[in-house]
Amino acid sequence: MAKLSSTELLDAFKEMTLLELSDFVKQFEETFEVTAAAPVAVAAAPAAGGGGGGAEAAAEQDEFDVILESAGDKKIQVIKEVRGLTSLGLKEAKDLVDNAPKPVLEKVAKDAAEKAKAALEGAGATVTVK
């Protein structure tokens with residue numbers, strides 16, 4: 001099977017209905033054991049921000065940043081985990097790891113942040129969640 005470029009993939013997605021695209025996303029999530037949770041967290045942010053004062057928002061934080069502090073001894077494993085957690089290519093993931101501390105994921109749900117932290121720490125990295 002020939003590899004499709006990003007432009008070709010986008011053109012194919014433009015031709016799909018919302019239901020077809022939704023089914024595709026579900027199949028993609030099941031196949032690669034990932035979730036498309038980031039768009040949900042972004043959509044929830046305005047609702048949470050419009051409800052109350054700053055003290056309430058700080059007490060009920062629902063968006064977290066996963067920050068890579070250092071790669072540790074197993075840099076290649078950390079790069080692989082970064083690639084698995086993000087849509088970055090090899091060069092971009094390597095640059096992120098080389099220039100730590102850097103955010104790996106931003107504004108994600110707590111469970112996604114904890115899973116990412118566990119995966120990166122399992123690969124030997126030092127990670128903080130804010």
Side-chain angles (χ1 to χ4, degrees):
M1 180 176 186
K3 184 176 178 181
L4 298 175
S5 71
S6 296
T7 306
E8 292 169 331
L9 282 171
L10 287 173
D11 288 341
F13 291 141
K14 287 178 186 176
E15 294 177 11
M16 298 173 92
T17 66
L18 288 177
L19 289 175
E20 291 170 332
L21 193 54
S22 175
D23 288 339
F24 170 78
V25 170
K26 287 177 187 174
Q27 289 176 352
F28 186 89
E29 289 174 343
E30 291 171 5
T31 302
F32 294 103
E33 297 177 3
V34 296
T35 59
V40 175
V42 172
E56 286 182 32
E60 297 179 27
Q61 182 178 0
D62 62 350
E63 292 181 341
F64 297 86
D65 295 341
V66 179
I67 300 169
L68 175 69
E69 297 296 333
S70 70
D73 295 336
K74 300 177 182 177
K75 186 172 156 185
I76 293 173
Q77 296 294 48
V78 174
I79 292 170
K80 287 180 181 180
E81 288 298 330
V82 168
R83 289 191 68 206
L85 294 168
T86 65
S87 61
L88 296 176
L90 180 60
K91 182 182 183 320
E92 293 84 3
K94 181 183 179 302
D95 289 344
L96 187 145
V97 172
D98 286 342
N99 296 316
K102 287 277 191 178
V104 176
L105 298 172
E106 295 178 312
K107 296 184 173 105
V108 296
K110 184 175 183 176
D111 60 333
E114 291 299 324
K115 285 180 184 177
K117 180 179 179 183
L120 287 167
E121 286 179 342
T126 304
V127 181
T128 58
V129 176
K130 295 184 181 179

For Ser5, check side chain to side chain contact (heavy atoms under 4.5 Å, CB included) against everything at least two apart and list the hits.
Thr7, Glu8
Nearest heavy atoms of Val104 and Thr86, plus distance in Å
O-CG2, 3.6 Å
Over 12 foreign heavy atoms within 6.0 Å of CG, Leu9
yes
Same apolar cluster (I L V M F W Y, side chains within < 4.5 Å links), Leu18/Leu10:
no
Which salt bridge (charged side-chain N to carboxylate O under 4.0 Å, His left out) pairs, counting each pair once, include a residue from residues 85-96, with sequence neighbours left out?
Lys91-Asp95, Lys94-Asp98
Does Phe28 have more than 12 heavy atoms from other residues, nucleotides or ligands lying within 6.0 Å of its CZ?
no
Closest heavy-atom pair and its distance - Ala113, Val129:
CB-CG1, 4.0 Å
Evaluate the side-chain proximity of Lys102 to Ile67: yes if any heavy-atom separation is below 4.5 Å, no if none is.
no
Could I get the full list of side chain to side chain contact (heavy atoms under 4.5 Å, CB included) partners for Lys80, not counting sequence neighbours?
Ile76, Gln77
Keeping to residues at least two apart or across chains, list the side chain to side chain donor-acceptor pair (under 3.5 Å) pairs with something in residues 111-124.
none
Indicate the atoms forming the closest heavy-atom contact of Ala119 with Glu81, along with that distance.
CB-OE1, 3.4 Å
Name all residues meeting the side chain to side chain contact (heavy atoms under 4.5 Å, CB included) criterion together with Thr126; count only those two or more places apart in sequence or in a different chain, and write none if there are none.
Glu69, Ser70
Is Val25 reachable from Leu19 through a run of I, L, V, M, F, W or Y residues, each pair having side-chain heavy atoms under 4.5 Å apart?
no
Non-neighbouring partners of Ala125 that pass side chain to side chain contact (heavy atoms under 4.5 Å, CB included), sequence neighbours left out:
Leu68, Val78, Leu120, Val127
Nearest 0.5 Å, please: how far is NZ in Lys75 from CG in Asp73?
12.0 Å
